[in-house]
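Worksheet: one structure, shown below.
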Number of protein chains: 2
Amino acid sequence: MILTVTPNIALDITYHIERLTPHTSTRVSDVKDRAGGKGINVARVLHSLGHESMAVGFAGGTVGAQIREDLDAAGLRYQLLPIMGQTRRSVSIVDATDATVLNEAGPEVTKHEWAALVAMVTELIKQASVLVVSGSLPPGVAADGVADLVSVAVAADTPVIADSSGDALLAATAAGPTLIKPNGPEIVAATGIDDPMAAARALMADGAGEVALSLGAEGLCLLSGEGALVAAPSRVVAGNPTGAGDAAVAALALGLAEGWGARRMVGEAVALSAAAVAHPLAGGFDPEVYREMLESVEVKER
Amino acid sequence: MILTVTPNIALDITYHIERLTPHTSTRVSDVKDRAGGKGINVARVLHSLGHESMAVGFAGGTVGAQIREDLDAAGLRYQLLPIMGQTRRSVSIVDATDATVLNEAGPEVTKHEWAALVAMVTELIKQASVLVVSGSLPPGVAADGVADLVSVAVAADTPVIADSSGDALLAATAAGPTLIKPNGPEIVAATGIDDPMAAARALMADGAGEVALSLGAEGLCLLSGEGALVAAPSRVVAGNPTGAGDAAVAALALGLAEGWGARRMVGEAVALSAAAVAHPLAGGFDPEVYREMLESVEVKER
């Protein structure tokens with residue numbers, strides 16, 4: 001079982017309208033609600049691949065209740081800790097041009113609530129083959145929150161992937177994760193090093209075992225002690241890039257769980273990521289595009 | 001007790017941000033949730049005035065649960081019928097310029113659910129001094145939905161105010177309400193008569209006992225069999241006009257309940273409406289502005 005932690009779960013609300021015109025009122029008939037957050041998306045992809053996962057995080061208030069209902073409807077396994085605050089929402093207003101997104105910051109999580117999450121992960125990791133920690137931290141949790149969870153996995157001798165940014169990424173790196181998965185702008189912003197490849201090597205020196213560096217449409221570079229491999233999709237896939245990185249993390253977690261070599265891991269991650277772009281919703285992927293990409297993905301040493 | 005029916009209750013979500021830029025992502029730290037809908041606002045104003053009210057409508061899903069929690073916290077009396085659908089949300093994104101509003105259409109209400117609401121109002125009206133029906137109808141309910149409720153009050157010999165628009169306003173008028181409260185653009189759109197005063201007289205000929213015609217900043221005109229009175233605020237009040245009409249309806253309902261004359265009714269309605277503009281949230285009013293306006297409002301025959 002792959003354990004995915006989403007520290008700041010959100011209810012993703014999507015409004016499809018013709019055109020967003022600021023400072024007017026619009027009636028919305030096309031409304032979709034879905035449990036979201038990066039670790040939830042990873043769990044959805046693993047579930048679709050037929051691999052057992054368990055989604056972990058916080059749920060508070062009526063929005064938290066709706067998150068539980070939606071995960072039940074999707075058939076995902078989860079354990080969500082009740083908190084005093086209200087789980088956040090994220091509103092995406094999609095018109096003919098693009099999406100306008102309003103991300104609520106999220107509930108203030110207390111020290112006791114955070115400690116309870118760390119304790120729950122410490123217990124659940126006994127049954128887990130891999131731990132994935134994905135996404136931002138809620139207000140009230142210090143930047144070393146992700147590092148707390150990485151340390152739990154390190155102590156349990158379980159592989160762990162941290163997908164985070166900023167100071168949380170730096171702190172998580174120092175705790176010795178098996179793999180981190182920043183994209184170019186994230187790794188440059190966190191390290192202050194202009195060259196993403198150089199920044200990735202610096203984070204390996206700081207404690208990261210491997211770095212899966214997302215290069216956007218160019219594909220994915222996997223840096224390990226044995227060198228760097230770049231996998232690129234055979235064609236550009238049009239669609240919704242939200243959740244593509246989470247699909248890549250799902251493939252990387254599966255690779256760690258099943259002991260794949262670096263070449264297969266990076267190829268699967270790129271194929272699944274491209275297949276996620278072809279799917280309209282984050283957490284989903286197009287199985288035909290996945291098969292096509294798996295057969296055609298190019299993996300090269302860099 | 002004044003009974004207020006809100007056929008399409010909403011959870012009003014307000015995001016305060018610096019500037020809404022379409023097709024970008026914005027993090028929102030200032031989030032406010034509140035049970036809303038025109039009849040709920042009327043009940044809040046009556047409650048603040050110390051008058052007993054009962055808010056009635058539908059509540060479904062987790063959003064419906066949050067509506068109940070918010071009304072409990074406000075200390076309002078209510079009876080909400082559980083429905084299969086999910087209660088709607090209304091998202092207001094307020095920036096330095098103005099508000100951008102996304103109104104979800106609302107849940108599909110079945111014939112059985114609507115019949116249950118009519119039956120509940122038929123029961124509760126026995127304890128009521130006045131019935132108020134405010135706001136739009138949910139999807140699935142025909143335009144004569146408001147008229148159904150007006151007929152309940154007429155049969156019980158209880159005064160009834162209908163605050164509605166379009167075909168629902170016309171159908172409600174034919175059922176013989178004590179008072180209707182359209183604004184200028186609403187009455188013109190519903191009747192196809194360009195002059196709002198002429199349109200108001202036409203609706204009185206069609207069945208409305210009295211018409212409270214809102215003229216925006218110019219004040220309120222109350223038309224009855226005895227003529228027309230216009231009340232105007234003594235100064236322009238800056239603030240949030242959302243809910244000002246509902247405050248006027250609260251005053252008119254109180255007037256019907258307590259047997260005020262036309263002059264006092266229209267004066268109180270304008271004073272409470274201006275005091276509502278001075279309050280940042282719909283359903284609230286500024287008590288000092290209310291007192292000031294009550295002393296200075298001008299009422300003239302027209």
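Every chain is numbered from 1 and lettered A, B, ... according to where its sequence line falls, protein lines coming before strand lines.
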- Non-hydrogen side-chain atoms of V5(A) and V132(A) separated by less than 4.5 Å: no
- P139(A) versus V109(A): any side-chain heavy-atom pair under 4.5 Å?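 No, their side chains stay 4.5 Å or more apart.
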Kindly provide each donor-acceptor pair between chain B and chain A shorter than 3.5 Å, listing atom names and distance.
{"residue": "Y15(B)", "atom": "OH", "partner": "E104(A)", "partner atom": "OE2", "Å": "2.6"}
{"residue": "H23(B)", "atom": "N", "partner": "T100(A)", "partner atom": "OG1", "Å": "2.7"}
{"residue": "H23(B)", "atom": "NE2", "partner": "D95(A)", "partner atom": "OD1", "Å": "2.9"}
{"residue": "H23(B)", "atom": "NE2", "partner": "D95(A)", "partner atom": "OD2", "Å": "3.1"}
{"residue": "T24(B)", "atom": "O", "partner": "V101(A)", "partner atom": "N", "Å": "3.0"}
{"residue": "T26(B)", "atom": "N", "partner": "V101(A)", "partner atom": "O", "Å": "2.8"}
{"residue": "T26(B)", "atom": "O", "partner": "N103(A)", "partner atom": "N", "Å": "2.8"}
{"residue": "V28(B)", "atom": "N", "partner": "N103(A)", "partner atom": "O", "Å": "2.7"}
{"residue": "V28(B)", "atom": "O", "partner": "A105(A)", "partner atom": "N", "Å": "2.9"}
{"residue": "D33(B)", "atom": "OD1", "partner": "R89(A)", "partner atom": "NH2", "Å": "2.7"}
{"residue": "D33(B)", "atom": "OD2", "partner": "R89(A)", "partner atom": "NH1", "Å": "2.9"}
{"residue": "D33(B)", "atom": "OD2", "partner": "R89(A)", "partner atom": "NH2", "Å": "3.1"}
{"residue": "T62(B)", "atom": "OG1", "partner": "Q66(A)", "partner atom": "OE1", "Å": "2.8"}
{"residue": "Q66(B)", "atom": "OE1", "partner": "T62(A)", "partner atom": "OG1", "Å": "2.7"}
{"residue": "Q66(B)", "atom": "OE1", "partner": "Q86(A)", "partner atom": "NE2", "Å": "3.4"}
{"residue": "R89(B)", "atom": "NH1", "partner": "D33(A)", "partner atom": "OD2", "Å": "2.9"}
{"residue": "R89(B)", "atom": "NH2", "partner": "D33(A)", "partner atom": "OD1", "Å": "2.7"}
{"residue": "R89(B)", "atom": "NH2", "partner": "D33(A)", "partner atom": "OD2", "Å": "3.1"}
{"residue": "D95(B)", "atom": "OD1", "partner": "H23(A)", "partner atom": "NE2", "Å": "2.9"}
{"residue": "D95(B)", "atom": "OD2", "partner": "H23(A)", "partner atom": "NE2", "Å": "3.1"}
{"residue": "T100(B)", "atom": "OG1", "partner": "H23(A)", "partner atom": "N", "Å": "2.7"}
{"residue": "V101(B)", "atom": "N", "partner": "T24(A)", "partner atom": "O", "Å": "3.0"}
{"residue": "V101(B)", "atom": "O", "partner": "T26(A)", "partner atom": "N", "Å": "2.8"}
{"residue": "N103(B)", "atom": "N", "partner": "T26(A)", "partner atom": "O", "Å": "2.8"}
{"residue": "N103(B)", "atom": "O", "partner": "V28(A)", "partner atom": "N", "Å": "2.7"}
{"residue": "E104(B)", "atom": "OE2", "partner": "Y15(A)", "partner atom": "OH", "Å": "2.6"}
{"residue": "A105(B)", "atom": "N", "partner": "V28(A)", "partner atom": "O", "Å": "2.9"}

- Between I40(A) and L71(A), is a side-chain contact (heavy atoms from CB on, under 4.5 Å) present by the stated rule, with each step listed? CA-CA 9 Å; I40(A) 298 285; L71(A) 295 178; 4.1 Å; yes
- Message: Between L11(B) and chain A, with a heavy-atom cut-off of 4.5 Å, which part of the residue counts as in contact: side chain, backbone, both or neither?
- Response: side chain
- Message: Heavy-atom cut-off 4.5 Å, strictly under: side chain, backbone, both or neither for A99(A) against chain B?
- Response: backbone
- When every non-hydrogen atom of V45(B) is compared with those of G283(B), the smallest separation belongs to CG2-O, 3.6 Å
- Where is the tightest heavy-atom contact between V237(A) and A274(A), given as atom of each residue plus distance?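 So the minimum-distance heavy-atom pair works out to CG1-O, 3.6 Å.
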- Task: Look at V94(A), V91(A), L102(A) and state which one has the largest set of heavy-atom pairs under 4.5 Å with chain B.
- Result: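 Sorted descending by pairs with chain B, the first entry is L102(A).
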- Message: I need the L20(A) CG to I93(B) CD1 distance, nearest 0.5 Å.
- Response: 6.5 Å
- Gap between atom CD1 of I9(B) and atom CZ of F58(B) - 0.5 Å precision: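 Reported to 0.5 Å precision, the distance equals 9.0 Å.
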